[in-house]
Amino acid sequence: MSRKIIKSKYDLYEEKIETIAEVPSEKEKPLAPNSKLKYVGKDVNRYDGYDKVSGSAIYTIDKVLPNMVFARVMVSPHPHAKIKSIDVSKALKLKGVLHIITNENTSEIPWYYNTSKLFDKHLRYQGDEVACVAAETEKIAEEALSLIKVEYEIMPHVVTAESAMKENAPKIHNNGNFGRPSEYTRGNFDEGIKQADVTIEDTFTTQVEVHNPTEVHCSVVNWDGGKLTVWDSTQSIFSVRDNVAQSLGLNASDVRVVKKYMGGGFGSKLEAGKYTVMAALLAKKIGRPVKAAMNRREMNLSVGNRPDSNQTITIGTKKDGTFTAMSHIAYGVMGAYPSGSSSYWPLRSIYKCPNIKIDNKSIYINAGRARPFRAPGHVQGTFALESIIDDLALKLGMDPIELRLKNYTEVDQDGDVPYTSKLLKEAYEKGAEEIGWKNRNKIPGSQTGEIKTGIGMASQIWWGGGAPPSYATLKLNSDGSAKIFSGTQDIGTGTYTFMQQIAADVLEIPIDKVNVDLGDTGTMPYSGGSGGSMTAPSVSPAVYDAAIQMKQKLISNAAAILEVDESNLIYSSGNISSKNDSSKSIEIKDVVGKIHERVLVTTGARNENPNGYAINSFGAQFAKVEVDTMTGIVRVKKIVAAHDIGRVLNRKTLENQFYGGVIMGLGYALMENRVIDDYTGKVLTTNLHDYKMPTMQDMPDIKVIIVSEEDNLISPTGVKGIGEPAMIPTPGAIANAVFNAIGVRIKSLPITPDKILEALNSKS
Amino acid sequence: MKMNLKFICNKNLVVTEVQPGKSLLDFIRKDLRLTGSKEGCREGDCGACTVLIGELENDRMIYKTVNSCIMPVGDINGKHLVTIEGLSDGKLNQIQNDFVEQGASQCGFCTPGFIVSLCGYFLSNEKPILKDAIDSLDGNVCRCTGYESIRNAINNSIVFLESNEGDSKRHIEKLVSSNFIPEYFLEIPQRLNNLSIDIQKDSVNGDAKQIIGGGTDLLVQRWEEIENADVNLIFNLHQNEKITVEDNICKIKATTTVSEFWESEIIKKYLPEITESLYLFGSLPIRNRATLGGNIINASPIADMTSILLALDAKLIIEGNSRKQIKLNEFYTGYKTMKLEPGEILDDIHIELPDEGARFNFEKISRRTYLDIASVNSSIYLVIDKDVISEVHLSAGGVAPIPLYLFETVNYLKGKEIAFETIKSAAEITLKEIKPISDARGSSAYKSLMLRNLLFAHFAKLFPNIIVVEELI
């Protein structure tokens, strides 16, 4: 099949990505509907199930190499300081210490877009790296850290956006505390407001949320001459490869990054950590493999978080609810180094509105840097937007869903192009029916009694259509088994499994004949990072393409073997036979066995995205809550997640992602919160005791409804990603349900018992 | 000083020498090289390191789940240690099969901990029910899977076990024949007996200054130091005689764990209302190791068990140069300071058995249901004589530098009738005698408001016919 080279353009976390990709030159016939397939769309068990339940899955943290030594990083105890001097002499004398690197003996390696270095004398947050020790054991390395003497010049710190924006605030970078702003206008906001009959404005705030995957960030590195192998707990092997190669001045091809199993990734593991590069420097010096792992405390200080937000939203509407103008003026903290904190995107894209004004500011503070976190900006933006829309509906005397439908759009508001598919209406309808929407309190807070129940909902938009380049290689062996190789990675979402399903269905062979190997930049074709809900929509068409090519290759080979014209051959259930002569038939394993190489190989590619369309996923979640008006405790009883996500590849892994997204959204809505003490500038929530995540008993009933079948305009597999959509509307739906229960709006997350009681007190 | 250690790990005998204070998890992962048990937090807050500890009691194996990260390795001497690797022997067990069938793991890092906890549940419950099985996972945190499919997997396992009723075999045999645990479990009692280890005596090192009970706080706060220290492991002392009654006094050894307190027939008989509150204490693996003595000496102002004991007007028996008795409500002198001299140890806790008609209630506010430290807690003990309070003890946690006994409120309440106005006035007095601070668990104003509501909740719960919450608020 012929190929062509294109410039692939897509949005990922506010970045406009442009990259060269090889794609099939023709549009392929799509994969058959799920109803006609044996494996795709079915409840197939996880490919990696055995390894995970038996405890035999080896994660990076479990990896042990012969002669391996251990690295530990010393971090700044101060939120803002300069290193005056470092004395490592005492630490070096400790038996078992092998080497120590600091700014004094390491070349300058730029970090954080050139705003800092691998070892910077200027320490901008509690957790900024000061030194790294390699020792025979972790314990010796840890002890050595306590023997390093550092003289700090302590500088004034600032840990909230409000203080950092003040003119006389301590400066974190030479050019001040403001990052790159996000500004946007559509139409004329002021004109739009003039046209409005009703205007509403309010301010909402959200907290900092920490990723806290269960496996800490860690790497094992080993040099073989000038070539480096890195085993990493990562969501993006190719990004780590490129980051590490660049930092060390190596060719990308001299760095091999491997990841088989990893313990959770929600955005913080999309790039190489400083610890990886430090481990490589130490390993080079010592000549032995090095393992560098963070501890839970560092996880809560350093490796990323969802930025907080302060969002002021204004909406002008006609009496009938038609939006005439919307604005989103916001700021949020991105930590000490460049990142982003904007939260406007849902407001800009989900409803029809001709006049939009957006101004989002990202602020530096002396704290760990923000990283993408499961739908960056969208979770906090959706909470604020969907809260104010419910308030507006009440003001207009409209049903909240009716108001949303009034401003429904069939075309993308930015590009004025149609969506490849949009089934949000269907999601509203089915979700409302399942939760019992008509039973909600018509007057919020009108129930009597200590326990009040409420029902609320929120809508969701995300990208997640996937994009090229993404490749998968398929190998067919002479025993009839197939193997897929792809440089993507399964972060627990089920990538291994759906790849197996697609190949088995296209080749019409039993699923247990298909094996999958992922996560190795050294041996596998390129695929992107597992972020942005990009993985399944990007790699599933590549596997499909590889399998289609394989089928064709088998037919061509069979034609030569059987001496029958290709057009007279039929492929069915792993057999190729002549239409006219039933004696001329061959099993595919025998085709492979008869050819000289004893193996057939194809490489498939993700197709080009269609021109003239916007690709987005949509959904709505509905929450039912109980609020104890005496203790202020909120219990979420039920969540209905109704979504348009294209084709379902695997019902089990799909539902699991939804359960996980909803529970994470629930944690964000009700309990998770990084707290920094303003006076000392130190983080108070550095362990899982103080940083609370939901446990089993906090779990509501969760019902997942998929309203879509397949979207063949996007790709032959017709898939949209679901990792992020699963979480986006949950906090907004819970907040609206709480409002419906108690009749007072909680405008700041997390919705903790104290806020509920305060709100109820102020109401009475 | 190293100690000789002999125990059975899964189906293998292990004989070795160790520093007894070393974290069991480090021993499992680094010395035994069994990496299925994961380190997630090293503080007993995530459950990724959960293992089972089996002990012989009257020829029967009792298995308990523990957080191996905060348990000293010396405490497994003479016991059966079960890790995830020991739960399947060649083929997956039924619980593991159900996890696969329900897709109950995503990244899989927490999965071994969940499966070990569940095996522990099935080993100790002959009549499993879904709600209790879920409760037994109160110490396991999952960040990806969202729990729903885990619940479905447990449900399947329970249904499978029920359908496998069969003949009236012993529970453990039934678990083996239903493929919940491998067959080698049946030989463990005999093999443990053959070790001939006296677990009460063989781990005690009377010369060591550092005493460790359950270690659930010590191994969090000072694990590096304890790993190489000479330690005296007292957790296994006083087996089978931890809670006794003598002359109307209930004597509780300081080494009694929260689980043992909860399961004690004596406590169930005399203080049934207390046992209903204990599921709010930490998590099952924490309750299996945390001792009452440790909870008192750790002196956290928000300790749940101390709050309960204050309301029971407990007396502490302290062993040192001489044996002395001190009331718990006079024990604390300031934040983490107390009337305990160097060389003295808390030996016994004494509570008077309650009078007929005594009532007890415990209330706690926290953000999540399980595994949470309260922001505010409170306990009350009341004896009522014809609607008049003849005896009362009341405590409050999280509202002062120490676990607080509310002396003034108690004085006020004594002799008063249970009535709407009495409770309101009592709450006003309470708010004057507390000194809450604002911290990560809540603002000072919130804690005051919460405590007032908890007081109301006590009376509303104990006297629903007289006190209606809506009227109080």
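Lettering of chains follows the sequences in order, A, B, ..., and the numbering in each one begins at 1.
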- Criterion side-chain contact (heavy atoms from CB on, under 4.5 Å) on A/Asp62 and B/Glu39, from CA distance to verdict: CA-CA 10 Å; A/Asp62 303 324; B/Glu39 178 178 320; over 6 Å; no
Could you tell me whether the side chain of [X] and the main chain of [Y] form a donor-acceptor pair under 3.5 Å?
X: B/Tyr147; Y: A/Tyr659; value: no
X: A/Asp754; Y: B/Tyr446; value: no
X: B/Asn453; Y: A/Met630; value: yes
X: B/Arg143; Y: A/Gly264; value: no

Quick one: pull up [atom1] in [X] and [atom2] in [Y] and give me the separation to the nearest 0.5 Å.
X: B/Asp45; Y: A/Met693; atom1: CG; atom2: CE; answer: 9.0 Å
X: B/Leu449; Y: A/Asn761; atom1: CG; atom2: CG; answer: 5.5 Å
X: B/Lys364; Y: A/Thr631; atom1: NZ; atom2: OG1; answer: 13.5 Å
X: A/His689; Y: B/Cys41; atom1: NE2; atom2: SG; answer: 9.5 Å
X: B/Leu34; Y: A/Ser56; atom1: CG; atom2: OG; answer: 12.0 Å

Flag the pair [X] / [Y] as yes when at least one side-chain heavy-atom distance between them is below 4.5 Å, and no otherwise.
X: A/Gln697; Y: B/Asp135; result: yes
X: B/Phe114; Y: A/Met696; result: yes
X: A/Ile58; Y: B/Thr35; result: yes
X: A/Thr214; Y: B/Lys38; result: no

Top of [options] for chain A proximity - count of heavy-atom pairs under 4.5 angstrom:
options: B/Met450, B/Glu224, B/Arg151, B/Arg42; value: B/Arg151
options: B/Thr111, B/Leu92, B/Leu87; value: B/Leu92
options: B/Gly36, B/Pro112, B/Gly40; value: B/Gly40
options: B/Glu227, B/Lys30, B/Glu148; value: B/Glu148

- Message: Minimum heavy-atom separation for B/Gly146 and A/Ile663, please, with both atom names.
- Response: O-CG1, 3.5 Å
- Given side-chain contact (heavy atoms from CB on, under 4.5 Å), test A/Val53 with B/Ile95 step by step and report yes or no. CA-CA 9 Å; A/Val53 302; B/Ile95 301 167; over 6 Å; no
- Query: Heavy-atom distance under 4.5 Å to chain A: side chain of B/Asp98, backbone, both or neither?
  - Reply: neither
- Message: Please classify the contact of B/Ile150 with chain A as side chain, backbone, both or neither, using a heavy-atom distance under 4.5 Å.
- Response: both
- Task: Flag the one option from A/Asp701, A/Val64, A/Asp48 with the top tally of heavy-atom pairs under 4.5 Å to chain B.
- Result: A/Asp701
- Item | For chain B, the option from A/Gln657, A/Glu758, A/Glu143 that forms the most heavy-atom pairs under 4.5 Å | A/Gln657
- Message: Report which part of A/Glu655 has an atom under 4.5 Å of a heavy atom belonging to chain B: side chain, backbone, both, or neither.
- Response: neither
- Using the test salt bridge (charged side-chain N to carboxylate O under 4.0 Å, His left out), find all partners of B/Asp89 that sit at least two apart in sequence or belong to another chain. B/Lys11
Less than 3.5 Å apart, which donor and acceptor atoms pair up between the side chains of residues 99-106 of chain B and the rest of the protein, not counting sequence neighbours?
| from | atom 1 | to | atom 2 | distance (Å) |
| --- | --- | --- | --- | --- |
| B/Glu101 | OE2 | A/Asn45 | ND2 | 2.9 |
| B/Gln106 | NE2 | A/Asn656 | O | 2.8 |

- Task: Kindly state whether the ring of A/Tyr59 and the ring of B/Phe109 have centres lying under 6.0 angstrom apart.
- Result: yes
